[in-house]
Student: 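First, the structure itself, so that you have it in front of you.
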Amino acid sequence: MTAPETNPLPTTYDAGSTESTWYPRWTEHGVFTADAERAATREPFVIVIPPPNVTAVLHMGHGLNNTVQDVLIRWRRMAGDEALWLPGTDHAGIATQNVVEKQLAAQGKTRFDLGRGPFVEKVAEFVDHTGGEILNQLKAIGSSADWSRTAYTFSPALSKSVREAFVRLHEDGLVYKGHRVIHWCPRCGTSLSDEEAEFTDTTGKLYHLKYTLADDPTQSITVATTRPETMLGDVAVAVNPEDERYLAMIGQEVVLPINGVRIPIIADTYTDAAFGTGAVKITPAHDANDFEVGKRHQLTMPVVIDAEGIVREVEDAAGRVPATLSGLDRAEARTAIVKLLEAEGALVKIEPHAHAVRHCYRCDTVVEPRLSDQWFVRMRPLADKALDVLRGGQLRILPDRWEAVYVNWLEGIRDWNISRQIWWGHRVPVWYCDNPACSQEPIVSRTDVTACTSCHGPVRQDEDVLDTWFSSWLWPFSTLGWPDATPDLKAFYPGDVLVTAPEILFFWVSRMVMSGCWFLDQTPFHTVYLHGTVRDMQHKKMSKSLGNGIDPLDVVKLYGADALRWTMVAGLGLGVDVMLDPNDLDKSFAPGRNFCTKLWNIGRFLLSRVGTEPLQPLSSIAPERLTAADQWILDRLDQAVLDCDAALGPPRPANGHTWTDAERGRGLRLSEYAEAARRFVWNELADWYLEALKPRLYATEGEDREVARTVLAHAFDGALRLLQPMVPFITEALWQQLPNTPAGAFLAQAAWPVARRGDGAASAEAQAFEYARDAVQAIRSVRSEYNVNPGAWVDAMLVAPAPIGALLDAQVATIGSLARARVTLAAENPGGASAQLLLRDGVELVVPLAGMVDLEKEKQRLQVELDQLDAQLQALDGRLANEKFVSKAPPALVEAERAKAGEWRARCELMRTKLRTLGA
RNA sequence: GGGUCGUUAGCUCAGUUGGUUAGAGCGCCACGUUGACAUCGUGGAGGUCACAAGUUCGAGUCUUGUACGACCCA
């Protein structure tokens, strides 16, 4: 018997219980686990996660980033790829060390009180206990990563990769120790790479200092500087050799104020005659540019500021720092020195000056340029390879405007300072023999060295650790076991898509491409997808410090993970920032919340009507048994599938390795994908098909009801498959209720739909339903205009040319029930006092509305419509009368325009006739 | 200082190689609980596509300039 089943679904969607039901089932059944062996017979599709800092707490940026990855990986998993999303965390050298140092500071201790070994142990312990929590938080938003492969940049396995990379680069002659001015964070006590020293625009001061000539105290030269405290370390004044103002002074000496040191005036083209006074003081130990000048002129390099940012005579600086200044912090020293300069009459003036000051990207302290010994990687050869893969089409970046940024940076690449003077990280694998009698060079080794290879005496390891990014840049293959030739490495390298934010294009993305190309001779991925930033309504980036953040877990609790995911994906234009209001979560997440509620209600109703009896497969139903509505929804599903595919794909270059120009910019349009799927399930399946179907479904039994059940279930099944990557929980819960879902199967690994008809074009039968929709909308419009009681039934006549009339004949009941109208068909318009509308293809709607029709209103409406169309017709006629248009535009277009003109003309005529009958 | 991008409905954004009457979500207005859904339904209002010039039969789309805004690099 076919009485409707008891509805098993609760009336409101319970996100919490659904999420806690399905996530464990997915993981228990290994739905997310990739298999290297299977990858031999299926296309692998690999995404490596941008590893969050091991101590990080989930924020909206992670939410966005990981949702995108999850959508892509779930899509490819359904599409039959061997999908691997590889998760993990980054040990985050400086950041993590800072956290633990802060804890120590609260106890009044420093890391030096503990000593290196115990401190590192303490950090490791801290990471063990509190680290990696973010990975659990990723599970809460539905991330389908392969947790069995969770990696960590500081694990023994990945540490092995790091050593291998360092040693190999050394063997390749690309690692060297350099003595130069680098960026130094006095607070963190370490050097930083160029990328880690971020520029901040600041309004500072430009100090003009007067240095008196040694041999002629009546003469002086004025230099301009933003950092007067470095004058103690000045070794020269440089002027441009072309600058006529100073020609006579070149070669003479000036006396530094305060410490009385004599320094020469030199000529160097580095000096810009137009900046400041045209004369600059040269402090080689405390400015990278001055360092270059100093090297060119073989100047001494006195160091007057130490590693903690304290002014004192550090090196080659005897007699330069007066006792009164020694021991002052660099900021205090600036104040004191300016005062002294003023007292000596050496301070000419102070101007406001807008410039960019570098700050530590971890603690925001102003970076101090510092002369020191550091390990560097010579990047030019690596960068060239990374440029080749982009130019050769093995790599693309979306949005493509970032490709220019990538190229620009790589073309101007500078050597990478990879050593850090902190303790938390991979120690530089270099050992020194301190035996003065032994001539052993530093030993660079893959394994720990315990004795000198020459004299067998004791050795000591380099104190420095490697930049965190030196492990991150190996991530796409270190996580797969490199340098060992593991099955995973063979199966899953190179990967496919890298999803991240543009901020780390240089830090991480470009470097991964370089390392992949260098060590494995292949770009680690063929696509870089750079998504936008999550911002608040003032377009300010969400951040903890600004207090404008949204906790994704709050959103999950309030509306569910799917609502969070949907909101972000639906709003995610390519490379576009996502705006959310931290003060109004209801409004911000309304799109996702509303969509989930709607989907749940669609499913609840639909499933209750479909029931639980087995369904015959769609393929077993003879086409002539399908109604126009059935044909229509099946066509719409085809179209939705094609639209989703077009928005998402292609997943990889068609030839497997190189993007063609036609492919290169395509796909990864997540918002278009969301819109195509949404339109299908909501605007087509629910709004029209389900409504049109109600009479058939309420029938108690019969063949037609079976057809309706089958088509309905098929259409919904298709919708759920299309939606699963975006809203995995709610779709899984609904899909499990469909009668034809096999026991033990998961939507999460069901097949991605394929369009039945390849072209997605509407079939002729479906066209009848389009006419029916037109008629329904027209009747509703008339009803609304005349304020007809929504419950009341009206008479409506459709006047249609014979062939369309024949199509409409079968739709009369459907139109009637959807528009609450007693619908009749006619070949001729009877005229009379009625509301009349022109539909498409010459179909007319006549609604008599006895006694209610307002003739003036009808006339007005017709007139407005006629005027609009007439204006457009005239423009079109003008175009068609233009000989150039007719001769130059594509013939097919001209033909189409002619046909349109004819249609519009007939329509205008019809309206004029109507107006006349209305007495205008 | 160098570079990149953006400016389309009240807000946030789509609009693929130039070619019907420029779309969506949210918001707004009117009506409404007809056997899934008021986190909803139905109907509707709202845009000289920043400005100016140019190319073209034809420009939201291509070129140049201007204004404003954002980001990246030095």
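In what follows, chains are A, B, ... by sequence order, proteins preceding strands, each numbered from 1.
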Student: Which part of the nucleic acid, if any, lies within reach of A/Glu672 when heavy atoms closer than 4.0 Å are counted: base, sugar-phosphate only, or nothing?
Tutor: sugar-phosphate
Student: How close do A/Ala674 and A/Trp566 get, counting heavy atoms only, and between which atoms?
Tutor: O-CH2, 3.4 Å
Student: Quick one: list whatever passes ring-ring contact (aromatic ring centres under 6.0 Å, His included) with A/Tyr689, sequence neighbours left out.
Tutor: none
Student: Could you measure between the two C1' atoms, the one in B/U48 and the one in B/A59, and give it in whole Å?
Tutor: 14 Å
Student: Grab the two heavy atoms, one from A/Ala677 and one from A/Leu723, that are nearest each other, plus how far apart they are.
Tutor: CB-CD2, 3.6 Å
Student: Picking from B/C73, B/G19, B/A74, which would you name as closest to the side chain of A/Leu893?
Tutor: B/G19
Student: Quick one: list whatever passes salt bridge (Lys or Arg N to Asp or Glu O under 4.0 Å) with A/Asp687, sequence neighbours left out.
Tutor: none
Student: Which dot-bracket notation, 5' to 3', represents the base pairing of RNA chain B when pairs are defined as Watson-Crick or G-U with both distances under 3.5 Å, crossing pairs as [ ], and inter-strand pairs as |?
Tutor: (((((((..((((.....[...)))).(((((.......))))).....(((((..]....)))))))))))).
Student: Show every donor-acceptor pair shorter than 3.5 Å between a side-chain atom in residues 501-511 of chain A and any protein atom, with sequence neighbours excluded, or say none if there are none.
Tutor:
{"residue": "A/Glu503", "atom": "OE1", "partner": "A/Lys541", "partner atom": "NZ", "Å": "3.0"}
{"residue": "A/Trp508", "atom": "NE1", "partner": "A/Ser472", "partner atom": "O", "Å": "3.0"}
{"residue": "A/Ser510", "atom": "OG", "partner": "A/Leu505", "partner atom": "O", "Å": "2.6"}
{"residue": "A/Arg511", "atom": "NH1", "partner": "A/Phe507", "partner atom": "O", "Å": "3.1"}
{"residue": "A/Arg511", "atom": "NH2", "partner": "A/Glu195", "partner atom": "OE1", "Å": "2.7"}

Student: Please list all pairs meeting ring pair (Phe, Tyr, Trp, His ring centres under 6.0 Å) that have one or both residues in residues 666-687 of chain A, counting only residues at least two apart or in different chains.
Tutor: none
Student: Using whole Å, report how far NZ of A/Lys541 lies from C1' of B/C72.
Tutor: 12 Å
Student: Check ring-ring contact (aromatic ring centres under 6.0 Å, His included) between A/Trp659 and all other residues, then give those that pass, not counting sequence neighbours.
Tutor: A/His526
Student: Please state the C1' separation for the pair B/C13 and B/C73 - nearest whole angstrom.
Tutor: 28 Å
Student: Is there any salt bridge (Lys or Arg N to Asp or Glu O under 4.0 Å) pair reaching into residues 877-887 of chain A, and which pairs are they, with sequence neighbours excluded?
Tutor: A/Asp877-A/Arg905, A/Arg879-A/Glu897
Student: side-chain hydrogen bond (donor to acceptor under 3.5 Å, both in side chains) with A/Arg898: which residues, sequence neighbours excluded?
Tutor: none
Student: Over all strands shown, is A/Arg666 touching base, sugar-phosphate only, or nothing at heavy-atom distances under 4.0 angstrom?
Tutor: base
Student: Tell me: CZ of A/Arg664 to C1' of B/U17, nearest whole Å?
Tutor: 17 Å
Student: What nucleic acid atoms does A/Pro502 come within less than 4.0 Å of, heavy atoms only: base, sugar-phosphate, or nothing?
Tutor: nothing
Student: Give me the distance, rounded to whole Å, that separates B/C71 from B/G15 when you measure between the P atoms they each carry.
Tutor: 22 Å
Student: Grab the CG-P distance between A/Asn882 and B/U56 for me, whole Å please.
Tutor: 13 Å
Student: Taking B/A50 as the reference, what is the distance to B/C11 when you measure between their P atoms (whole Å, please)?
Tutor: 14 Å
Student: Which nucleotides of nucleotides 31-44 of chain B have their base under 4.0 Å from a protein heavy atom (B), which only their sugar-phosphate (S), and which neither (-), written as one string 5' to 3'?
Tutor: -S-BBBB-BSSSSS
Student: Return the set of residues passing side-chain hydrogen bond (donor to acceptor under 3.5 Å, both in side chains) with A/Ser817 (not counting sequence neighbours), or none when no residue passes.
Tutor: none
Student: In whole Å, what is the span from the CG atom of A/Asn289 to the C1' atom of B/G1?
Tutor: 14 Å
Student: Give me the distance, rounded to whole Å, that separates B/U21 from B/G60 when you measure between the P atoms they each carry.
Tutor: 11 Å
Student: Please measure how far the P atom in B/U16 lies from the corresponding atom in B/C31, and state the result in whole Å.
Tutor: 39 Å
Student: Can you tell me how far C1' in B/G41 sits from the matching atom in B/G35, rounded to whole Å?
Tutor: 15 Å
Student: What nucleic acid atoms does A/Phe506 come within less than 4.0 Å of, heavy atoms only: base, sugar-phosphate, or nothing?
Tutor: sugar-phosphate
Student: Polar atoms only, N or O, under 3.5 Å: list the protein pairs with nucleotides 3-13 of chain B and their distances.
Tutor:
{"residue": "B/U12", "atom": "OP1", "partner": "A/His539", "partner atom": "NE2", "Å": "3.4"}

Student: Of all the heavy-atom pairs spanning A/Leu876 and A/Lys900, show the shortest one and how long it is.
Tutor: CD2-CE, 3.7 Å
Student: Determine the interatomic distance between C1' on B/A24 and the same-named atom on B/C62; round to the nearest Å.
Tutor: 26 Å
Student: May I have the distance from A/Phe885 (atom CZ) to B/G18 (atom C1'), rounded to whole angstrom?
Tutor: 13 Å
Student: Between C1' on B/C26 and CG on A/Asp584, what's the gap in Å once rounded to a whole number?
Tutor: 11 Å
Student: Please report, rounded to the nearest Å, how far the P atom of B/C72 is from the CH2 atom of A/Trp409.
Tutor: 15 Å
Student: Main chain of A/Ala197, side chain of A/Arg358: is a donor-acceptor contact present, judged purely on distance under 3.5 Å?
Tutor: yes
Student: Just to verify, what does A/Asp795 make a side-chain hydrogen bond (donor to acceptor under 3.5 Å, both in side chains) with, not counting sequence neighbours?
Tutor: A/Arg822
Student: Send over the distance from A/His359 NE2 to B/C73 C1', rounded to a whole Å.
Tutor: 17 Å
